[in-house]
Amino acid sequence: MIEPMKELGALREWQRGVLSAGVLATLADGAAHGYAIAQYLQHMGIGSLKVGILYPVLNRLEADGLVNSHWSEGDRGPGKKVFELTVLGSQQLQSMREEWPRFATAVANLLDADVARPQN
């Protein structure tokens with residue numbers, strides 16, 4: 001298991017910033033219910049996710065046509081809402097994967113105290 005980010009204010013904001021991409025990447029491997037998505041993201045080092053953070057993102061991704069959902073009957077207990085990537089979601093994920101290195105470098109440079117700042 002990758003070491004999770006510390007649950008501090010600034011890091012929680014970063015978590016929210018990458019959550020859509022993380023959900024799409026998780027679903028690229030196959031359909032999953034919300035708890036399984038949260039567990040996988042935590043396993044990958046994103047940190048623990050509260051229901052109030054994950055499900056609004058899943059609902060937005062569904063409204064945007066990037067994921068579909070359906071109810072699956074549970075073996076024991078209530079059914080679960082299962083999410084899967086759509087073709088549009090796969091295309092969005094591919095775009096995010098292509099743009100990520102440039103964006104990550106830009107943020108790293110922005111946060112690097114040693115990078116020269118423009119003079120006014």
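Index from 1, following the sequence. What's counted below: heavy atoms across the whole structure, side chains too, no hydrogens, waters or symmetry copies.
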| said: Determine whether V18 and W100 satisfy the following criterion, side-chain contact (heavy atoms from CB on, under 4.5 Å), listing intermediate values before the conclusion. | reply: CA-CA 10 Å; V18 300; W100 180 255; 4.0 Å; yes
| note | Shortest non-hydrogen pair, G89 vs L24, comes out as O-CD1, 4.3 Å
Could you give the side-chain donor-acceptor pairs of residues 67-74 under 3.5 Å, partners two or more places apart or in another chain?
unit_1	atom_1	unit_2	atom_2	d
S69	OG	E62	OE1	3.3
S69	OG	E62	OE2	2.6

| hydrophobic_cluster_shared for L27 and V87, side chain cutoff 4.5 Å | no
| request: Determine, stepwise, if the pair D64 / L88 fulfils side-chain contact (heavy atoms from CB on, under 4.5 Å). | output: CA-CA 9 Å; D64 291 346; L88 185 60; over 6 Å; no
| task | Over all heavy atoms of both residues, which pair between A21 and L93 is shortest? Give the atoms and the distance, please. | result | O-CD1, 4.2 Å
| query | Is any side-chain heavy atom of Q15 closer than 4.5 Å to a side-chain heavy atom of L41? | reply | no
| field | Set of residues satisfying side chain to side chain contact (heavy atoms under 4.5 Å, CB included) with respect to A36, sequence neighbours excluded | value | A32, H33
| field | V57 to S20 - nearest heavy-atom pair and separation | value | CG1-OG, 3.8 Å
| field | Transitive ILVMFWY side-chain link L19 to Y35, under 4.5 Å | value | no
| request: Search all heavy atoms of V82 against all heavy atoms of A31 and return the closest pair with its distance. | output: CG1-CB, 3.6 Å
| query | Mind checking whether I37 and L58 have side chains closer than 4.5 Å, heavy atoms only? | reply | yes
